[in-house]
Structure formats: structure tokens, C-alpha cells
*Asks:* 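Have a look at the structure that comes next, please.
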Amino acid sequence: MAEKINKNKVLATMVRGFFNGYSAGIIDCQITDAYEKRKPQVVKKVMLEHYEQISVAFHDVLFYPIAHVNYSEEEITRRVQENFKEGMTMIDLVKMACKTDEMHQAMIAEYKRNFEWLLQGSMPSVENHDKEYIRGNEDMDIDKAIKLSVRVVMTAYAEGVKSSGKETANFHQPSILRLVLDAMTVLLNDVAPEDELADNSEGLARLFLKACKKKEYFQLMTEAMDAEYERIA
């Protein structure tokens, strides 16, 4: 039997992953200096400049993964067909994807929390993230949670690249690795692994293995990344 994880923890990971990925995609297209990218004033500037685009991108990116947290593929198709009406927006579809009012309210709370942190120039620490997200009572398979979390950060990054307006922009591999590592850390841990990022590929692999906790989860993560590169390309 597959191991389980709380749905609200998955939701919180995905909302964090969106803001982390979207902002990184824009910043990578505008700034080349690694030190400059991390400055709080740069992050704040990006959020303010793209204020009106963020909500649209958020709902576009999150509908699919949130729906798959709560429903099977067949159920999603059926519910969209049964509930679709003229004038329905992505906001309405995401609310439907949340399934319950409790999850929808938790999503809104996470949206506000992450947005407020980025307006201050950073993301919350792993410890703060884990302490503050709203708990729920339903679980889901960890395998599925890993795949969906990877999908969110990589899709959000792609949306950020698109929002930057740079026609020749490409994915910045170090940013993708950092984003996926952060997602696996908050999804599968309560505190961040203590190891510092090594300067070689072997050290990086060890850090990912520690964040993923199990080789099987590490393998799932890498397979999900490969699938997302192929889907987004």
C-alpha cells in the first residue's frame, strides 16, 4: 500500500512552489548576477511589476494539480462538464477543484501568506512554512504528491519566463534544481536538511536524497522532472 501524506501539506507545498517558481522565472530573465537575484528589493520589484498577472497565472497553473489532489482524471472531466456554465472563470474552476470550502479557504490563506512574504523580499523558511500552513484531515498518496509538486514549480517557472516578455528566454538549470529541492524539502520534511549545497554533482545528489528521504522518492522526483521538461518543451 502506498504511503500517505496530508492533502493540506501538499496544497501548501504547491502554493509555495507556484510563488517560488513564478518569481524565479521572471527574475532569471531579467537579471544574470546570482547575488543580485536574491536581493529582497529585486524580489519585491518583480512582484509589484507583475501584480495583475500573478492571480491569472496562479489559477492557470494550480487548477490541474489541485484537481488531481481531490479527483481522478475521469471525475475531473465529469465534474467540469456537469458544472461548466457560460461566464465560468479559472477562479471558479479552481474553487471546484478544491472540492471543499475548507480546502478552498486554506488555498486562499496560503496564497495571501506567500504573496505577503514575497512582497517583503523572500520566501518563508521551511520551519515557518511548516508551522503556519492550515492542517486538514484528508490524506493522499505520497507518490502522486511528489509528481504534482514537481509539476507546479516547473510550470510556474515556465509561466514566469513567459511573463518576463523575453522572447529568447530559456530555463536556468540551477534555478530549476533549487526550486525542486525546496519543494521536496517542504513536502517531505518538517525542517530543512542541515547539509549545505555541495559544489559537485555527487554532493547535489546527496542533498536531494536527504530531502526526498527515500531512494524511491528521489527516483519519482527525477522521473517527474524529465516528464515536465518534455511536456513544457
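Each residue takes its place number in the sequence, starting with 1.
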*Asks:* Start with the C-alpha distance between Leu181 and Leu207, add both sets of side-chain angles, then the distance that settles side-chain contact (heavy atoms from CB on, under 4.5 Å), and finish with yes or no.
*Replies:* CA-CA 8 Å; Leu181 178 60; Leu207 190 61; 3.5 Å; yes
*Asks:* With hydrophobic residues grouped by side-chain heavy-atom distances under 4.5 Å, do Phe115 and Tyr133 end up in a single group?
*Replies:*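 No, it is not one cluster - the side chains of Phe115 and Tyr133 are not joined through contacts under 4.5 Å.
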*Asks:* Strictly by modelled atom types, are Gln120 and Glu116 linked by a side-chain donor-acceptor pair under 3.5 Å?
*Replies:*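 No pair is found: no donor N or O on one side chain lies under 3.5 Å from an acceptor on the other.
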*Asks:* Between Ala106 and Ile134, what is the shortest heavy-atom contact and its length?
*Replies:*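 Where Ala106 meets Ile134 most closely, the heavy atoms are CA-CD1, 4.0 Å.
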*Asks:* Regarding Arg135 and Asp130, does a basic nitrogen lie under 4.0 Å from an acidic carboxylate oxygen?
*Replies:*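 Between Asp130 and Arg135 there is a salt bridge, with a charged N closer than 4.0 Å to a carboxylate O.
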*Asks:* Under the side-chain contact (heavy atoms from CB on, under 4.5 Å) rule, what do Leu93 and His59 come out as? Steps first, then yes or no, please.
*Replies:* CA-CA 8 Å; Leu93 286 171; His59 289 89; over 6 Å; no
*Asks:* Dump the intermediate steps for side-chain contact (heavy atoms from CB on, under 4.5 Å) on Val180 and Phe208, then the final yes or no.
*Replies:* CA-CA 9 Å; Val180 174; Phe208 269 100; 4.2 Å; yes
*Asks:* Strictly below 4.0 Å, N to O, side chains only: are Asp139 and Lys9 in salt-bridge contact?
*Replies:*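 Judged by the 4.0 Å cut-off on N to carboxylate O distance, Asp139 and Lys9 do not form a salt bridge.
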*Asks:* Give every donor-acceptor pair under 3.5 Å between a side-chain atom in residues 14-25 and any protein atom, sequence neighbours left out.
*Replies:*
unit_1 : atom_1 : unit_2 : atom_2 : d
Arg16  : NE     : Asp182 : OD2    : 2.8
Arg16  : NH1    : Pro124 : O      : 2.8
Arg16  : NH2    : Pro124 : O      : 3.0
Arg16  : NH2    : Asp182 : OD1    : 3.0
Asn20  : ND2    : Asp182 : OD2    : 3.3
Tyr22  : OH     : Ser163 : OG     : 2.8
Ser23  : OG     : Phe19  : O      : 2.7
Ser23  : OG     : Asn20  : O      : 3.2

*Asks:* SG/Cys212 to CZ/Phe218 distance, rounded to the nearest 0.5 angstrom?
*Replies:*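 If we round to the nearest 0.5 Å, Cys212:SG and Phe218:CZ are 7.0 Å apart.
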*Asks:* With sequence neighbours left out, which residue pairs that include part of residues 19-28 fulfil the salt bridge (Lys or Arg N to Asp or Glu O under 4.0 Å) condition?
*Replies:* Asp28-Lys37
*Asks:* For residues 61-78, which residue pairs pass the salt bridge (Lys or Arg N to Asp or Glu O under 4.0 Å) check, not counting sequence neighbours?
*Replies:* Arg78-Glu82
*Asks:* Could you check if a side-chain atom of Met96 sits within less than 4.5 angstrom of a side-chain atom of Phe63, using non-hydrogen atoms only?
*Replies:*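 They are in side-chain contact.
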*Asks:* Is the number of heavy atoms from other residues, nucleotides or ligands under 6.0 Å of Asn137 CG greater than 12?
*Replies:*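 Open.
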*Asks:* Please indicate whether Lys144 has more than 12 foreign heavy atoms, meaning atoms of other residues, nucleotides or ligands, lying under 6.0 Å from its NZ.
*Replies:*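 More than 12 within 6.0 Å, yes.
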*Asks:* Quick one: side chain to side chain donor-acceptor pair (under 3.5 Å) partners of Thr32, sequence neighbours excluded?
*Replies:*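 So Thr32 forms no side chain to side chain donor-acceptor pair (under 3.5 Å) with any residue.
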*Asks:* Which atom pairs, donor and acceptor, lie under 3.5 Å between side-chain atoms of residues 224-233 and protein residues at least two apart or in another chain?
*Replies:*
unit_1 : atom_1 : unit_2 : atom_2 : d
Glu228 : OE1    : Arg231 : NE     : 2.8
Glu228 : OE1    : Arg231 : NH2    : 2.6
Tyr229 : OH     : Gln173 : OE1    : 2.6
Arg231 : NH2    : Thr155 : OG1    : 2.6

*Asks:* According to a 4.5 Å side-chain heavy-atom criterion applied to Ile, Leu, Val, Met, Phe, Trp and Tyr, with indirect links allowed, do Phe58 and Trp117 form part of one hydrophobic cluster?
*Replies:*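 Cluster IDs for Phe58 and Trp117 differ.
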*Asks:* Looking only at non-hydrogen atoms, find the nearest pair between Ala211 and Leu188 and report the distance.
*Replies:* O-CB, 3.7 Å
*Asks:* Heavy atoms only: give me the nearest Asn70-Ala97 pair and the separation to one decimal.
*Replies:*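 Result for this residue pair: ND2-O, 2.8 Å.
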*Asks:* Which pairs with one or both residues in residues 51-72 pass salt bridge (Lys or Arg N to Asp or Glu O under 4.0 Å), sequence neighbours excluded?
*Replies:* none
*Asks:* Could you list the residues that satisfy side chain to side chain donor-acceptor pair (under 3.5 Å) with Gln53, not counting sequence neighbours?
*Replies:* none
*Asks:* Val126: which other cluster members, linking ILVMFWY side chains closer than 4.5 Å, directly or transitively?
*Replies:*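 Joined to Val126, directly or through intermediates: Val186.
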*Asks:* Under 3.5 Å, sequence neighbours excluded: what are the donor-acceptor pairs made by side chains of residues 43-50?
*Replies:*
unit_1 : atom_1 : unit_2 : atom_2 : d
Lys45  : NZ     : Glu49  : OE2    : 2.6
His50  : ND1    : Val46  : O      : 3.1

*Asks:* Which heavy atom in Ala183 sits nearest to a heavy atom in Thr13, and how many Å separate them?
*Replies:* O-CG2, 3.6 Å
*Asks:* Any pair with a residue in residues 90-110 that passes salt bridge (Lys or Arg N to Asp or Glu O under 4.0 Å), sequence neighbours left out, goes on the list, sorted by first then second residue, please.
*Replies:* Glu110-Arg113
*Asks:* For the CG atom of Leu204 and the CG atom of Leu209, what is their distance to the nearest 0.5 Å?
*Replies:* 10.0 Å
*Asks:* Of all heavy-atom pairs between Phe171 and Met154, which one has the smallest distance, and what is that distance?
*Replies:*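 What the structure gives for the nearest pair is CZ-O, 4.2 Å.
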*Asks:* Do you reckon Ile31 sits in the same ILVMFWY cluster as Leu179, going by side-chain contacts under 4.5 Å, direct or chained?
*Replies:*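 Yes, same cluster.
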*Asks:* side-chain contact (heavy atoms from CB on, under 4.5 Å) for Tyr217 and Glu3? Distances and angles first, verdict last.
*Replies:* CA-CA 11 Å; Tyr217 296 162; Glu3 292 190 56; 3.2 Å; yes
*Asks:* Please list, chain by chain and in numerical order, all residues satisfying side chain to side chain contact (heavy atoms under 4.5 Å, CB included) with Ser125, sequence neighbours excluded.
*Replies:*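 Side chain to side chain contact (heavy atoms under 4.5 Å, CB included) list for Ser125, sorted by chain: Glu127, Asn128.
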*Asks:* Any chain of hydrophobic side-chain contacts (each under 4.5 Å) joining Met88 to Ile91?
*Replies:* no
*Asks:* For Tyr111, which residues count as a side chain to side chain donor-acceptor pair (under 3.5 Å) partner, sequence neighbours excluded?
*Replies:*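 Result, side chain to side chain donor-acceptor pair (under 3.5 Å) vs Tyr111: none returned.
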*Asks:* Do the side chain of Tyr157 and the main chain of His172 share a donor and acceptor less than 3.5 angstrom apart?
*Replies:* yes
*Asks:* Is there side-chain contact between Met107 and Leu62, with heavy atoms separated by less than 4.5 Å?
*Replies:* no
*Asks:* Would you say the side chain of Lys4 lies within less than 4.5 Å of the side chain of Asp141, judging by non-hydrogen atoms?
*Replies:*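 A side-chain contact under 4.5 Å exists here.
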*Asks:* Can you check whether Ile146's main-chain N or O pairs, donor with acceptor, with Ser149's side chain at less than 3.5 Å?
*Replies:*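 Checking the backbone N and O of Ile146 against the side chain of Ser149, no donor-acceptor pair under 3.5 Å is found.
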